[in-house]
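First up is the structure itself, then whatever we jot down about it.
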Amino acid sequence: SHLSCIVFRFRSLCRLQRIRGQMMTSQAGAEILVEKVGNAGVITLNRPKALNALNMNMIRLMYPQLKKWETDKETDIVIVKGAGGKAFCAGGDIIAVTEAGKIGDALAKNFFREEYILNNTIGTYQKPYVALIDGITMGGGVGLSVHGRFRVATEKTLFAMPETAIGLFPDVGGGYFLPRLQGQLGLFLALTGFRLKGRDVQRAGVASHFVESQKIAALEKELVDLKTPSIEDVSRVLDSYQKRPHVLQLTMSHPCTPAALRLFQSNSVEGIVHNLKTDGSPFAQKQAETLAKMSPTSLKITFKQLQAGGAMSLQEVLVMEYRLSQACMVVLFFCFVCLVLVDKDHSPKWSPSTLKEVSEQSVEDCFSSLGDRDLKL
């Protein structure tokens, strides 16, 4: 009813103000630690209790710092890491954004806009950029690492893009890097939210290097000590910490072999579901069950996003994804994230509830230009 909607919006507003208050009172800058060590700029994501989830404050501290170092003659390399030993960055602070979305607050527009501008800055960075993805790296954390030239995984790395489970899509440039992974791997990761662990993160091509966690401190020291390093110098150091050379072949230690991933070769999500159900292997059954829990709208948006993104530049992809982010916030919001966050049993009732009910037109509309509100890079 109208009244309950007003109450809902009022509660959301109160909650958003609380979240905002917390963001303001936390010491300015404490959520991001910035150090200059020799000729290296080191950024530490510093919200260990929240697994370093990325919020607006962090984006607004990180972006100008990266821009400054890019043109600073005294800075030759940038290293980004997470505090606390558990996570590099477990994602974007989606609760704050979605609370804002409910009441039409500007945060929902600004968060994605500024986050994607930051992702693009990393993707076009003119100096060696090294992300030490030691621990959980998901969603927004992928955006802070995967577009950089060097991504160092360890045995503690846990990579995933789990957005279809909360009614969103794998953004932060997922439409760019996922279709460029081998075969159907990117589409598989995008639709199912499958978690890659440890060495598999490098085997998949998500990380550029694999180094044991206990050697990360020594590696960081060696990188910091480099005098005016070129890309080649940084490469050489990273290679020396790897036990064996980087072999880009899909010899995963889990069941998603190239043969299994062929089931994800289709011109529609329905086609993929059909392939999985008719295959009947344990792997296929498990993936079919997983997809059945995801938002049908999200699956269709994600499928189209990756199909289109494979032929686009990172900038074009981010413009497309900004359009999608706004569609998800505006049109699809109520039947989406709130259900997952509010329903504690984690079984959201998606609307539409089946793939068949998601019209091509409703998917198409999410990709429409926003005119002068489009993302400008």
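- Crowding of Arg373 atom CZ: a count of heavy atoms from other residues, nucleotides or ligands under 6.0 Å not exceeding 12.
- Counting heavy atoms from C-beta outward, Thr164 and Thr192 have side chains that stay 4.5 Å or more apart.
- Expressed to the nearest 0.5 Å, how far CE of Met312 lies from CG of Leu314 amounts to 11.5 Å.
- Trp350 contributes a side-chain N or O that, together with a main-chain N or O of Lys293, makes up a donor-acceptor pair within less than 3.5 Å.
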Test side chain to side chain contact (heavy atoms under 4.5 Å, CB included) applied to Phe159 and Arg195, step by step:
CA-CA 6 Å; Phe159 162 91; Arg195 296 172 170 209; over 6 Å; no

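- How far CG of Leu263 is from OG of Ser281: 6.5 Å, rounded to the nearest 0.5 Å.
- Using a distance-only test at 3.5 Å, with no hydrogens or angles considered, no donor-acceptor pair links the side chain of Glu212 to the main chain of Thr154.
- For the pair Arg199 and Phe210, the distance from NZ or CZ to the six-membered ring centre is under 6.0 Å and the angle to the ring normal is within 45 degrees.
- Considering His209, Glu222, Lys215 in turn, Glu222 is the only one that fulfils the side chain to side chain donor-acceptor pair (under 3.5 Å) rule with Tyr241.
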Please walk me through it: do Leu191 and Met294 pass side chain to side chain contact (heavy atoms under 4.5 Å, CB included)?
CA-CA 8 Å; Leu191 295 176; Met294 303 305 187; over 6 Å; no

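- Side-chain atoms of Lys277 do not come within 3.5 Å of backbone N or O of Gln285 as any donor-acceptor pair.
- In this structure, the separation between OG1 on Thr75 and NZ on Lys36 is 3.5 Å, given to the nearest 0.5 Å.
- Atom CG of Leu223 and atom CG of Leu238 lie 5.5 Å apart (nearest 0.5 Å).
- In this structure a side-chain-to-backbone donor-acceptor pair under 3.5 Å is missing from Thr302 to Leu299.
- Ion pairing of Asp233 with Lys227 is absent here, as no side-chain N (NZ or NE/NH1/NH2) approaches a carboxylate O to less than 4.0 Å.
- The environment of NZ in Lys73 is sparse: at most 12 heavy-atom neighbours from other residues, nucleotides or ligands sit within 6.0 Å.
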Pair Lys81, Glu220 - check salt bridge (charged side-chain N to carboxylate O under 4.0 Å, His left out), show working.
CA-CA 10 Å; Lys81 58 183 181 171; Glu220 193 185 331; 3.0 Å; yes

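- Residues passing the ring-ring contact (aromatic ring centres under 6.0 Å, His included) test with Phe264, sequence neighbours excluded: Phe188.
- Following chains of ILVMFWY side-chain contacts shorter than 4.5 Å, one can reach Trp69 starting from Leu45, so the two form part of one hydrophobic cluster.
- Put simply, CG on Asp374 and CE on Met320 are 12.0 Å apart, with the number rounded to the nearest 0.5 Å.
- Between the side chain of Glu35 and the backbone N or O of Leu33, no donor-acceptor pair lies under 3.5 Å.
- Remark: the backbone N or O of Gly371 is paired with a side-chain donor or acceptor of Ser369 at under 3.5 angstrom.
- No donor-acceptor distance shorter than 3.5 angstrom exists from the side chain of Glu31 to the backbone of Arg47, with no hydrogens or angles considered.
- With sequence neighbours left out, the side chain to side chain contact (heavy atoms under 4.5 Å, CB included) criterion links Glu360 to Lys300.
- No continuous path of ILVMFWY side-chain contacts below 4.5 Å connects Ile216 to Leu51, so the two sit in separate hydrophobic clusters.
- Between the Asn52 side chain and the Ala83 main chain, a donor and an acceptor come within less than 3.5 Å of each other.
- In terms of modelled atom types and a separation under 3.5 Å, the side chain of Arg151 and the main chain of Val206 share a donor-acceptor contact.
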Might you work through the side chain to side chain contact (heavy atoms under 4.5 Å, CB included) test for Asn39 and Thr228, ending with a clear yes or no?
CA-CA 7 Å; Asn39 283 14; Thr228 62; 4.3 Å; yes

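- Test Thr354, Leu355, Asn275 against Glu270 for side-chain contact (heavy atoms from CB on, under 4.5 Å) and you get one pass: Leu355.
- Using bins of under 30°, 30° to 60° and over 60° for the plane-to-plane angle, the ring pair His147/Phe177 lands in the perpendicular bin.
- Atom NZ of Lys286 has 12 or fewer neighbouring heavy atoms from other residues, nucleotides or ligands inside a 6.0 Å radius.
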Begin from the C-alpha positions of Ile117 and Arg113 and carry the test side chain to side chain contact (heavy atoms under 4.5 Å, CB included) through to its verdict.
CA-CA 6 Å; Ile117 290 170; Arg113 186 182 295 278; 4.2 Å; yes

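- Under the 4.5 Å side-chain heavy-atom criterion for Ile, Leu, Val, Met, Phe, Trp and Tyr, Phe112 and Leu375 are members of the same hydrophobic cluster.
- With hydrogens and angles ignored, the 3.5 Å screen pairs no side-chain donor or acceptor of Ser295 with any backbone N or O of Gly167.
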Report the C-alpha separation of Asp200 and Arg203 in whole Å, then their side-chain angles, then the decisive distance to 0.1 Å, and conclude whether the salt bridge (charged side-chain N to carboxylate O under 4.0 Å, His left out) test is met.
CA-CA 5 Å; Asp200 285 340; Arg203 289 191 182 114; 2.9 Å; yes

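- By the rule that hydrophobic residues join a cluster once side-chain heavy atoms approach within less than 4.5 Å of another member, Ile122 and Ile43 end up as members of one cluster.
- Glu114 has a carboxylate O that lies under 4.0 Å from a charged side-chain N of Arg60, or vice versa, which qualifies the two as a salt bridge.
- Under the 4.5 Å side-chain heavy-atom criterion for ILVMFWY residues, no single connected hydrophobic cluster contains both Leu181 and Met138.
- Cation-pi contact between Lys304 and Phe367: present, with separation from the ring centre below 6.0 Å and deviation from the ring axis of at most 45°.
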